[in-house]
Each structure stands twice: as C-alpha cells, then as structure tokens.
Colleague: 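Take this structure first; my questions come after.
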Amino acid sequence: MDKRYDHQEYEQKIYGLWEENQVFSPAKQLAKNQKPFTIIMPPPNANDPLHVGHAMFVAIEDVLTRFHRMLGDDTLWLPGADHAGIETQFVFEKKLKKENKTRFDFDRETLYQMIWDYVQENSGVAIKQMKRLGASADWSRFVFTLDQKAVDEALKTLLKLDQDDLLYRDEQLVNYCTHCGTSFSELEVIHQEQTTPLYYVKYPLVDRVGEFVTVATVRPEPIFADTHLAVNPKDKKRRALIGKKVLNPLTQVEMEIIGDDFVDPDFGTGVVKLTPAHDREDFAVAKKLGLPINPAIDLMGRIVATGGKYAGLKVKVAREQVVADLQKNGLIEKIDESYKNRIATCYRCKHVIEPLLLPQFFIKVKPLVKPVLEALKEKKIRIHGTGYDKILKHWLENLYDWNISRQIVWGIRMPVWYDLEKNLDLSITFLTKTGEKITGTSSELLAKNYAIKEIGQGLQELRAPLTAEYMIALKSPGENYLQETDTLDTWFSSAQWPFTTLKSLSEKDFERFYPTQVLETAYDILMFWVMRMLFMGKYVTGKLPFTDIYLHGLIRDAKGQKMSKSKGNVVNPMELTEKYGADALRMALIIRSTPGLDKAVGEQDFRAMRNLTNKLWNASRFVLEHLDTTQAGEEKINDQFNKKIEEVSQVITKNLTNFQLGLAAETAYNEFWHWYCDECIETAKAGKLGGQQLIAGLQTFLKLLHPFTPFVTEAVWQTLVEKKITNEPLLITALWPTKSKE
RNA sequence: GGACUCGUAGCUCAGUUGGUUAGAGCAUUCGGUUUACAUCCGAAAGGUCAGAGGUUCGAGCCCUCUCGGGUCCACCA
C-alpha cells in the first residue's frame, strides 16, 4: 500500500470494479424473506450539470442504499432524468435568441425535436457526475420522463382522472407569465414585496357635479375596462353610495357602485374598483354577482384592442400614460409613493405575473388530497425534517385546483382533440409547407381550403374557446381532429414518478418495488413534488408511494451564506471531488447534518474529511503491514474491545435506521479516529492488544464507514481480499456487522 | 396577519424517547513524534447551552413568555 491515499488513483478504478460486478442492480430473483428497499431518485434536469445540492442528495441516498444493500435487503435505487419543461425551454429560447431566432419561427413539432436534440447532447453529463460521486444507483433501469413508456403511463392517469370526473376544462384567472408565454400553478409564483405607487383616483359622481368617489389602486391601467365600484354594505359611512353611479374616469361610461362584504372599509378609501378579468378576488365577486368580465390585457402583456388610445401598449407604459392623463384632468387626488405590496412574479424569469382569463385544464384536488391528510393524521407518513409535516398539512388543506395546462412545447402534449368541423371558432396559427405563417379561425382556414393535415403538421398554436367540444384520447380520433398544443405541467408527470418509472420498466418491477420506502429530496420542493406524489400515487395505485420522507437542507458556504453566482461563492461538486475526493465531499456534506436544516460547509470541512480518508488508509496500512501480528499466537481476547466494537455497530445501525445520518457519520468518525486509532492501535503497539483482533475490528469499521466513504473503504477491502483475510469479495455487498433492530 | 424554524466553545455545527465532569471540525497555546498517517499524538484554554419563569428527584432537551436571526404562507385593492 502507498504511503498516502490518492483518491484520484482509486475512485475510478473502484467504481469500475462495482460496475463490472453489476452490484448496483438488485438480484434477478428475490431471495427468501428479503424486504424490499427502494428509493426513487429525484430526477435531475436532463440538461444541467450537477450543483452541490445534487451532491447532497447523492450522498444521502447512496448512504441509505448502501446501508440497506449490506443489510441484505432487496435494494433498488432507481435513477432518472427530468425534462424540466419550463426550465429547459427557457434555456433553449435563450440559445435561440443568440442565433436571432425565436420559438415563433418554428412549428411545435420542429421546435420539440430541436429541444430534444439539445437535451440529448447534454444528457450524459449529470449521470457521469453522479457516478463520480459514487452513486450506486441501478443505471440499467434509468428512466427519462419523456421516454414513451413513461409518458404512456402518465397519460393513462389523465384518462382515469377524466373518467372519474376529476378533470375539467374551465376559464379561470390563471397565473400567466407574458414573458415565458405560459401559465403556472400557484406554486410556481413567487410573491415579492415591492414599493409600488398607490394611486388615489377620483371617479366623478353622475348626479352630483363636482363630487367624487376616490378609489385607491396600484393598477390604474385597466380602468377603461372596469364597470363597477364596490363598498362594504356594513360600512356606515359609505353604504349610501350603493346603487349610485359614477363615471369611468377614462371612458366616461357610467359605472354602478355595488355592495359586497369582501371590501375592507379600513383599507385605502374603503372603495374598490372591480377588475374581474385581472384580479382573483374581483373575479370571484363578478362571477358571484354575474357582472361582466372584460379583459384589458392580452397574452403578450399589452392592452387589448378595446383599450382605445392605450391599445397595444405594454402594461407598464400604459400605466404611465393613464396616470398622466388622469392627472391632466385633475382626477388623481394623491399618490402614495411609499406603498408596499406583494406582487406575483414568475419563479423562472422574475417578470410580473398577470392574472389572465384563459381556458385551461384543472384537476380537482380536494378528493385526491383527503386520503393523504388522513394518512398524515394517522402517522402513516413520517417526515424527517423539523416542522415540515405541519407545512405539508397546511398545504394539503388549502390547495387550489391544479392547473395542469402549460403553453410550452417542451413537455407531454395534452391528449386532447378538437374536431375542426364541429369547432369553427378555434383560433389557429400554423406554418405552411413553404414556411408562411397563417393565423385564423378554423372556419376561415377551412374556407381557404387548407388541408387539416397541413395545418396539423405546421401547427404552432391552437386556442380553443371555453365552449369548444373536445375529446380526450391517446390517439387521434379521426382525420378532422387537431391536437391541443398545450403540454402538461412537468409536475404532472413528476407527481407519478414513483410508479410510472417502475411500470415503464416492467409490471414485475412495479409489483416488487412499489410502494417505495424512502423519498429523499430538498425541502424546497416539498409542495411541488412530494405532496403531489403522495396524492397522485395514492389515487392511481391505491397505495402511498412511500412512507418516509427525508428532507435535506440547502448547502451554504462556510459563513452560512446562501450560494449564488452573483456572490461568487458557489462550489462545484466536481472540482471538490477532483481536489479532495468524492468520499471527503460526501462525508463533509453528511456529517452532523440535520434533516430540514441548512448546512454550512467550507474548504476546511472538505480538508478535514479528506484527512479522514487518509487516516482510514493509513490505519489500515499500519494494521495490515506494519503491526507485528506474529505475537498473535498467544493472543489474549480482549473482551472490552469486542464489546465496544459491537456497541459502536449498534449505535450506528440504530442511527441509520432512524434516519439520523449526520449523527451516524459523526459517531463513525469519532469512534474510528479517536478510539480505534488513537487508543486501540497505540495499545496494540505496546503489545497489549492482539493484531488479529485489531484486524477484525478494522473490517467492522470499514463496513460501518462504507456507506459514507465508499471508495477508500472498498480500496482497503480489496487489499484484505488480496491478502485472503476476508472471503467477502466486495465490501459493497459484504454483510453489515450487526442486525438492525427496529 | 398566520405558521414554521433556529439562537450550544472565537467560527461552523452535533447532542438520538430529560439522567453521571455538555461534544466534533476549524482556529488558539504548550509539549512530543517524523520507522501508519505532506502528517499525527498528548495536553491546555475556551460554554451561567439567547433571557426570564415553570414542570421534575433531575432540563441544552418538556411548557409559558420575552428578545434576536432565518424561512414559508395570505385576495388588504
């Protein structure tokens, strides 16, 4: 053995050894009394290289996987990759922009293919990197969210939802990003506090010249489309206004003042303007009272054609002009420049989200969520991560129906079909064979004798009014049909990941490995992903997809600051692996970590853990090569030594069983270094502890440390194998030192 | 406004159902070793476990309040 452990020399070699022996895949046949242990890997984006957060999940999940594999469980860690709809299309569009192109230059099928090819180019990177970190996942079972079989499984669920009357199409206010060109679910919207001027706008009273009703608003630009003001009927000061009429300050059209108790008499002026097409609350009121809902802003974020002189202006510009015009006419009482409110922004591009009226597909969540809430109550779901069980409960109880329509091409296209001849008012944009862009309604296009086939092939966008008749089917119902251009929310397929993966592999795998045991991920996608997996899994398979949820925290820099590119404190896991070794990186991330809490790590931590790998190596080297074991002939068995070894095994096993990985790692570290090395080896040097016993103890420690630092422990193990000290050929599949007690 | 979470050595954090002198890494001081360890070992110093009150034979751990970080959620236009 060399004087020093050189991770560069061993890591690749050791990983190759494992791959050759195909130890990552569970045995072909299930042995007797074997319990399954399955973890579905949170699929990284197919397109992105790994960041340190990925290293964290690899470290944790690999520890659990290796632990259970050594316990003899039927262990499967199933890897995959996610198409990450919006993220990926966003990145791709940026790339297009550099080439002076946009998505509007291509029909959707061509665009889809281009993104597919682009993703393929980068898809191997993440896998290679996870392997470098030592991930013992079963790569032969790798699944991509857009693999046909996985897609088919996901779509079956859509049909089931439809049959069970849990899927509906409705025109509602949806969170629409005019920049990304798609709607979002409530989860993808970030509310940010901003200082926005609050304008006090005066509405002239119709029957009392010179008198006004003042309304405070942060959004003056859609005033032209407003038709009503509202006050609270319980508001003694203002309820007399109910039924009175005012003039719209922009259009001079008469507006009625109505009463509804959603108005807070103490806020602003106690009078509200109703903008039902662009405000969730106003929309609800308008629906309730049957008021008109007039859109003022279009999908491009511009004022609609009915906006008179403001038509076509971007919202921001329109606002400035409207305010200027109102001021000119003396209709602005005052402007509160210091007003703070929270506005919805796109989590992806940070632009302002416009609530827009759009027909979309929704999933009714209430019935789906119910059994999960019950399971949570009965403690059938265990969440490791302080406080997150309560957060999950809160979300489950307050979830809106799930908007699953996305106006992007990179994703699973909705299996929704419109008969062109029955729906003459579809709004269609397509590119002809010669590349000419045509926009029109279905009746217009049919009148111009465009073949439906040609439209379908060059289709860019199809927008169907709420009244359109549609069919849901996996295949085209006939020649007259065009398929919906919207895709499904990425999380719709992700929500089914625990079973669509297994089912797409084989029904046998599904039977054998579902439900899974552990779901491990960062706490920030608890609601996006974990919550939805719970209710979709339960709905489709009748079983909860997993029982233990381990939520790891975010990795911060040594000073505890969030990592960000602008701060320049981002650490690249591959550089760290290069410098200190994968074992050191894994150990530094895991040791003393606590689920649900963020962790600060820095160079000194990686160095310290690199020293551990070297310590492991050298302690082994000493015991195997330098210690005089010839005196072993009259070796006295030291009971205390054996007792302590057993005790340490028990503690670490218990910690791992209870998902206390940080504690397990710390215990292993301390007991190995400060007890085994500092005390026992020194005692042995003095001839008071036998070499054979020390070697047996070393084997136990190699096993206990293997889940955390797989490479160096396996490297040492191989010398044990060479020296014929052990008959277990690989540490990765060696038997765990002690039985787990549950 | 509601909820969650953290506050332990100079710094970053552990502390498993409350139980003997509260731990680790890094940093500091002193000594040793360089025939396992581009290092390592031994020793020292450093904490009224945010503060106050309570439960208990016993509290870093449980309860209440206060102060101070962080995070999430909410339709005050």
Side-chain angles (χ1 to χ4, degrees), chain A residues 1-5 173 186-187 190-191 196 198-201 215-220 229-230 262-275 278-285 339-342 344 355 385-395 398 523-524 526-527 553-554 556-562 587-588 591-594 596-627 651-652 654-660 662-667 669-670 673-674 677-679 681-682 684-685:
Chain A
M1 290 171 85
D2 297 328
K3 220 176 156 194
R4 187 170 61 137
Y5 174 64
L173 279 191
E186 62 187 297
L187 293 172
I190 297 169
H191 291 90
T196 324
L198 182 64
Y199 304 95
Y200 287 74
V201 181
V215 174
T217 181
V218 292
R219 297 212 65 177
L229 300 185
F262 86 95
V263 182
D264 178 357
D266 299 325
F267 184 82
T269 61
V271 189
V272 178
K273 75 182 177 75
L274 288 179
T275 312
H278 302 287
D279 182 283
R280 201 170 212 143
E281 199 177 6
D282 296 359
F283 180 77
V285 173
Y339 180 69
K340 285 201 175 99
N341 75 337
R342 291 170 68 83
T386 349
Y388 285 99
D389 49 341
K390 287 170 194 159
I391 291 177
L392 177 64
K393 181 166 168 276
H394 176 264
W395 270 94
N398 294 292
Y523 62 72
D524 56 356
L526 175 65
M527 288 82 88
L554 310 177
R556 295 165 177 268
D557 73 6
K559 289 174 196 153
Q561 290 182 306
K562 237 179 183 170
M587 196 62 172
I591 194 165
R592 268 167 270 119
S593 70
T594 313
L597 296 182
D598 295 352
K599 176 156 176 81
V601 288
E603 290 288 319
Q604 61 192 32
D605 300 294
F606 302 122
R607 210 181 313 124
M609 294 308 135
R610 191 269 324 269
N611 288 351
L612 170 70
T613 59
N614 195 47
K615 186 78 178 174
L616 255 162
W617 180 258
N618 271 293
S620 307
R621 184 161 74 94
F622 178 76
V623 171
L624 296 175
E625 293 182 358
H626 293 257
L627 188 67
V651 169
I652 291 172
K654 189 178 147 205
N655 288 338
L656 285 174
T657 310
N658 295 338
F659 295 92
Q660 293 168 304
L663 199 53
E666 186 178 17
T667 308
Y669 178 102
N670 285 338
W673 195 312
H674 299 307
C677 295
D678 294 351
E679 288 182 35
I681 292 185
E682 294 309 313
K685 277 183 188 170

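This one's a predicted model, so the numbers in the text were calculated from it and none came from an experiment. In what follows, every chain begins at residue 1, and chains take the letters A, B, ... in the order their sequences are listed.
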Colleague: Provide, to the nearest angstrom, the distance between the OH atom belonging to A:Y388 and the C1' atom belonging to B:rC73.
Modeller: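 About 13 Å, once rounded to whole Å.
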
Colleague: Need to verify one output field. Residue with the more 5' nearest nucleotide on RNA chain B, A:D678 or A:L198?
Modeller: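 So the residue in question is A:D678.
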
Colleague: Contact class for A:T594 vs. all strands (heavy atom < 4.0 Å): base, sugar-phosphate, or nothing?
Modeller: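 Here A:T594 touches the backbone only, sparing every base.
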
Colleague: Look at the side-chain N and O atoms of A:K599 and state whether any lies under 4.0 Å from the OP1 or OP2 oxygen of B:rU12.
Modeller: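 For B:rU12, OP1/OP2 do not have a side-chain N/O of A:K599 under 4.0 Å.
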
Colleague: Using a 4.0 Å heavy-atom cut-off, does A:K273 contact any base of the nucleic acid, only the sugar-phosphate backbone, or nothing at all?
Modeller: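 Nothing, no nucleic acid heavy atom in range.
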
Colleague: In Å and rounded to the nearest 0.5 Å, what is the CG to CG distance from A:L656 to A:L663?
Modeller: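 A:L656 CG to A:L663 CG: 9.5 Å, rounded to 0.5 Å.
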
Colleague: What nucleic acid atoms does A:W617 come within less than 4.0 Å of, heavy atoms only: base, sugar-phosphate, or nothing?
Modeller: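 No contact.
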
Colleague: Under 4.0 Å, heavy atoms only, any strand: does A:A216 hit a base, just the sugar-phosphate, or nothing?
Modeller: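 Base contact.
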
Colleague: Can you tell me how far CG of A:N670 sits from CD1 of A:I591, rounded to the nearest 0.5 angstrom?
Modeller: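 Going from the CD1 atom of A:I591 to the CG atom of A:N670 covers 6.5 Å.
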
Colleague: Tell me whether B:rA36 sits syn or anti, counting syn as a glycosidic angle within 90° of 0.
Modeller: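 The base of B:rA36 is oriented anti (glycosidic angle more than 90° from 0).
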
Colleague: I need the A:L612 CG to A:R607 CZ distance, nearest 0.5 Å.
Modeller: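 Spacing of CG (A:L612) from CZ (A:R607) equals 15.0 Å.
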
Colleague: Tell me the interatomic distance from A:K393, atom NZ, to B:rA3, atom P, rounded to whole angstroms.
Modeller: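 To the nearest whole Å, that distance equals 12 Å.
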
Colleague: So, is A:H674 close to the B:rG25 phosphate, meaning a side-chain N or O under 4.0 Å from OP1 or OP2?
Modeller: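 Yes.
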
Colleague: Using the P atom as the reference point in each nucleotide, state the distance between B:rA36 and B:rC41 in Å, no decimals.
Modeller: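 Rounded to whole Å, the distance is 14 Å.
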
Colleague: Rounded to the nearest Å, what distance is computed from the CG atom of residue A:D605 to the P atom of nucleotide B:rA27?
Modeller: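 The answer, rounded to whole Å, is 11 Å.
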
Colleague: Where the side chain of A:T217 is concerned, which of B:rA77, B:rG23, B:rA38 is the nearest nucleotide?
Modeller: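 Per side-chain heavy atoms of A:T217, the pick is B:rA77.
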
Colleague: Quantified in whole Å, what is the P atom distance between nucleotide B:rG15 and nucleotide B:rA27?
Modeller: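 Between the two P atoms, the distance is 24 Å.
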
Colleague: Compare side-chain N and O positions of A:S593 against OP1 and OP2 of B:rA14 and report whether any pair is under 4.0 Å apart.
Modeller: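 No.
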
Colleague: Rounding to a whole Å, what distance do you find between A:L663:CG and B:rA14:P?
Modeller: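 A:L663 atom CG is separated from B:rA14 atom P by 11 Å.
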
Colleague: Which part of the nucleic acid, if any, lies within reach of A:D279 when heavy atoms closer than 4.0 Å are counted: base, sugar-phosphate only, or nothing?
Modeller: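 A:D279: no heavy atom of the nucleic acid under 4.0 Å.
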
Colleague: When you measure from the centre of the six-membered ring of A:F622, is the NZ or CZ of A:K685 closer than 6.0 Å and no more than 45° off the axis?
Modeller: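 Yes; both conditions hold, so A:K685 lies above the ring face of A:F622.
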
Colleague: Look at all strands and tell whether A:N614 reaches a base, only sugar-phosphate, or nothing, counting heavy atoms closer than 4.0 Å.
Modeller: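 The residue A:N614 makes sugar-phosphate contact but no base contact.
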
Colleague: Under 4.0 Å: is that the gap between some side-chain N or O of A:H191 and OP1 or OP2 of B:rA74?
Modeller: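 Yes.
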
Colleague: Is it the case that B:rA36 (base atoms only) and A:E682 (side chain only) share a donor and an acceptor within less than 3.5 Å, ignoring hydrogens and angles?
Modeller: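 Present.
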
Colleague: To the nearest 0.5 Å, what is the distance between CD1 (A:I391) and CE (A:M527)?
Modeller: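 A:I391 atom CD1 to A:M527 atom CE measures 6.5 Å (nearest 0.5 Å).
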
Colleague: For the C1' atoms, the ones on B:rC11 and on B:rU17, what distance do you get once it is rounded to whole angstrom?
Modeller: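 So the two C1' atoms sit 32 Å from each other.
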
Colleague: Give one of base, sugar-phosphate or nothing for A:R280, where a contact means two heavy atoms less than 4.0 Å apart.
Modeller: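 No contact at all - A:R280 keeps every heavy atom at 4.0 Å or more from the nucleic acid.
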
Colleague: So what does A:G553 touch, heavy atoms closer than 4.0 Å: a base, only the sugar-phosphate, or nothing?
Modeller: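 The residue A:G553 makes no contact with any strand.
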
Colleague: Please give the distance between the C1' atoms of B:rG46 and B:rG23 as a whole number of Å.
Modeller: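 Pairwise C1' distance, B:rG46 against B:rG23, rounds to 13 Å.
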
Colleague: Using Watson-Crick or G-U wobble geometry with both distances under 3.5 Å, which nucleotide pairs with B:rG25?
Modeller: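 Pairing partner, where one exists within any strand: B:rC11.
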
Colleague: Using a heavy-atom cut-off of under 4.0 Å over every strand shown, decide if A:V601 touches base, sugar-phosphate, or nothing.
Modeller: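 Answer is nothing: A:V601 stays at 4.0 Å or more from every strand.
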
Colleague: Counting Watson-Crick and G-U wobble pairs only, both distances under 3.5 Å, name the nucleotide matched with B:rU64, or none.
Modeller: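 Paired with B:rA52.
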
Colleague: Measure CG/A:D557 against P/B:rU12 and give the value in whole Å, please.
Modeller: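 Rounding to the nearest Å, CG of A:D557 and P of B:rU12 are 11 Å apart.
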
Colleague: What does A:K390 touch in the nucleic acid at a heavy-atom separation under 4.0 angstrom: a base, only the sugar-phosphate, or nothing?
Modeller: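 Contact class for A:K390: sugar-phosphate only.
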
Colleague: For a quick check of understanding: with a heavy-atom distance under 4.0 Å over all strands, which category does A:R607 fall into, base, sugar-phosphate or nothing?
Modeller: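 Counting heavy atoms under 4.0 Å across all strands, no contact is made by A:R607.
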
Colleague: Does A:T269 reach the side chain of A:Y200, with side-chain heavy atoms less than 4.5 Å apart?
Modeller: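 Yes. Closest side-chain heavy atoms under 4.5 Å.
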
Colleague: With respect to the side chain of A:I391, which nucleotide from B:rC73, B:rA24, B:rC4 is positioned closest?
Modeller: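 Within the option list, the nearest is B:rC4.
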
Colleague: State whether A:W673 places a side-chain N or O below 4.0 Å from either non-bridging phosphate oxygen (OP1 or OP2) of B:rC41.
Modeller: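 Looking at the OP1 and OP2 atoms of B:rC41, one of them is under 4.0 Å from a side-chain N or O of A:W673.
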
Colleague: Expressed as a whole number of Å, how far does the P atom of B:rU12 sit from that of B:rG19?
Modeller: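 It works out to 27 Å between them.
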
Colleague: In whole Å, I'd like the distance from the CG atom of A:D264 to the P atom of B:rG1.
Modeller: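 Computing the A:D264:CG to B:rG1:P distance gives 14 Å.
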
Colleague: Establish, with yes or no, whether the OP1 or OP2 oxygen of B:rU39 is under 4.0 angstrom from a side-chain nitrogen or oxygen of A:R610.
Modeller: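 Indeed, a polar side-chain atom of A:R610 lies that close.
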
Colleague: Which value, in whole Å, describes the distance between the C1' atoms of nucleotides B:rU56 and B:rA50?
Modeller: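 Between the two C1' atoms, the distance is 23 Å.
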
Colleague: Any strand counts, and the cut-off is 3.5 Å on both contacts for Watson-Crick or G-U wobble. Which nucleotide pairs with B:rA3?
Modeller: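 Matched B:rA3 with B:rU71 under the 3.5 Å cut-off.
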
Colleague: Is the ring pair A:Y388/A:Y523 parallel, tilted or perpendicular, if the boundaries are 30 and 60 degrees?
Modeller: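 Rings of A:Y388 and A:Y523: parallel, under 30°.
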
Colleague: Write down the distance separating the P atoms in B:rG47 and B:rG31, rounded off to the nearest Å.
Modeller: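 Roughly 24 Å separates the two P atoms.
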
Colleague: Answer with base, sugar-phosphate or nothing: what part of the nucleic acid does A:R219 contact at a heavy-atom distance below 4.0 Å?
Modeller: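 If one applies the 4.0 Å heavy-atom cut-off, A:R219 turns out to touch nothing in the nucleic acid.
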
Colleague: Rounded to whole Å, how long is the line connecting atom CG of A:N618 with atom P of B:rC40?
Modeller: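 These atoms are roughly 10 Å apart.
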
Colleague: Distance from A:Y669 atom OH to A:K615 atom NZ, nearest 0.5 Å?
Modeller: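 Going from OH on A:Y669 over to NZ on A:K615, the span is 9.5 Å.
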
Colleague: What's the gap between B:rU34 and B:rU28 when it is taken at their C1' atoms, as a whole Å value?
Modeller: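 Taking atom C1' in both B:rU34 and B:rU28, they lie 24 Å apart.
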
Colleague: Any chance you could measure A:N618, atom CG, to A:R4, atom CZ, to the nearest 0.5 Å?
Modeller: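 CZ of A:R4 is found 10.0 Å from CG of A:N618.
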
Colleague: Within the 4.0 Å heavy-atom criterion, would you say A:E625 contacts the bases, only the backbone, or no part of the nucleic acid?
Modeller: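 Touches nothing.
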
Colleague: Which residue lies toward the 5' end of RNA chain B, A:A600 or A:T386, if each is placed at its nearest nucleotide?
Modeller: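 Final value for this comparison: A:T386.
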
Colleague: Please report, rounded to the nearest Å, how far the P atom of B:rC72 is from the CG atom of A:L597.
Modeller: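 Taking atom P of B:rC72 as the reference, CG of A:L597 is at 15 Å.
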
